[in-house]
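The block underneath contains the structure these notes are about, expressed in structure tokens.
Model, not experiment: these values are computed from the prediction.
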Amino acid sequence: MSVGERGNFRQNSLLTRLEEVRTPPMTAEKEKEKEKEKDDDDDDDDDDVFLDKAPAAVGPYSQGIKANNFIYVSGSLGLIPETGVLISDSVEDQTELALKNIGEILKAGGVSYSAAVKTTIMLADLGDFQKVNAIYAKYFPDPAPARSTFQAAGLPLNAKIEIDCIAVC
């Protein structure tokens with residue numbers, strides 16, 4: 001061991017000893033409290049948010065995931081939850097139902113539309129932008145979440161719109 005390494009070793013040993021002196025030994029009661037806190041923290045790990053009131057995912061993904069005080073809602077289509085079929089060929093109908101489906105997933109995660117901080121809208125035709133805005137505005141209170149809107153070359157099941165959402169919980 002070189003002189004420099006010995007100095008670092010000695011300094012680290014002293015810091016460890018100081019920490020031991022400053023930290024009183026844990027009582028059994030304190031250990032139980034610490035363990036309970038750890039168990040409570042485990043509840044914050046990634047949790048699948050699933051319910052029957054929204055359509056099942058159309059691929060190998062979750063309807064939503066709760067992680068690190070956020071709920072990430074997967075892209076939602078205007079699917080009828082009971083059948084998994086698009087409500088109609090109308091962008092207005094699909095938008096309305098996609099937003100209702102998002103609301104159900106947010107509710108299952110313990111929050112509402114007002115907790116949304118970011119949404120992304122994918123449209124089959126960007127010409128539907130104003131129609132979608134009129135419906136979207138009814139669901140998200142001011143201040144509305146940050147949002148991106150794109151025209152997609154194709155959406156699952158030939159949908160006219162897909163919306164995803166991130167909310168704070």
Solution key, residues 70-77 side-chain donor-acceptor pairs under 3.5 Å, sequence neighbours excluded:
residue, atom, partner, partner atom, Å
Ser74, OG, Ser62, O, 2.5
Ser76, OG, Ala98, O, 3.3

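- To the nearest 0.5 Å, atoms CG (Leu86) and CG (Asn158) are separated by 8.5 Å.
- With sequence neighbours left out, the salt bridge (charged side-chain N to carboxylate O under 4.0 Å, His left out) criterion links Lys107 to Glu104.
- Taking CD1 of Ile121 as the reference point, atom CZ of Phe129 lies at 7.5 Å (rounded to 0.5 Å).
- Ser90 contributes atom OG, which lies 10.0 Å from atom CD of Glu96 (distance to the nearest 0.5 angstrom).
- Residue pairs meeting the side chain to side chain donor-acceptor pair (under 3.5 Å) criterion with at least one member in residues 140-149, sequence neighbours excluded, are Lys118-Ser148, Asn133-Arg147, Arg147-Thr149.
- To the nearest 0.5 angstrom, Leu123 atom CG is 8.0 Å from Ile163 atom CD1.
- Ile135 is connected to Leu126 through a chain of hydrophobic side-chain contacts under 4.5 Å among Ile, Leu, Val, Met, Phe, Trp and Tyr, so both are in one cluster.
- Side chain of Asp125 to backbone of Lys160: no donor-acceptor contact under 3.5 angstrom is found.
- Here Lys138 contributes atom NZ and Thr95 contributes atom OG1; the two are 10.0 Å apart, rounded to the nearest 0.5 Å.
- Taken together through direct or relayed side-chain contacts under 4.5 Å among Ile, Leu, Val, Met, Phe, Trp and Tyr, Ile102 and Met122 form parts of separate hydrophobic clusters.
- Scanning all heavy atoms of the two residues, the minimum distance from Lys66 to Gly109 falls at NZ-O, 3.0 Å.
- By the criterion of side-chain heavy atoms lying less than 4.5 angstrom apart, applied directly or through intervening Ile, Leu, Val, Met, Phe, Trp or Tyr residues, Val111 is grouped together with Leu99 in one hydrophobic cluster.
- Here the shortest heavy-atom pairing between Pro145 and Thr119 reads CG-CG2, 4.1 Å.
- The distance from atom OH of Tyr113 to atom CG of Leu106, rounded to the nearest 0.5 Å, is 7.0 Å.
- Nearest heavy atoms, Asn101 versus Pro81: OD1-CG, 3.8 Å.
- Hydrophobic clustering keeps Ile166 apart from Ile161 (ILVMFWY residues linked when any side-chain heavy atoms are closer than 4.5 Å, directly or through intermediates).
- Side-chain atoms of Gln94 come within 3.5 Å of backbone N or O of Ser88 as a donor-acceptor pair.
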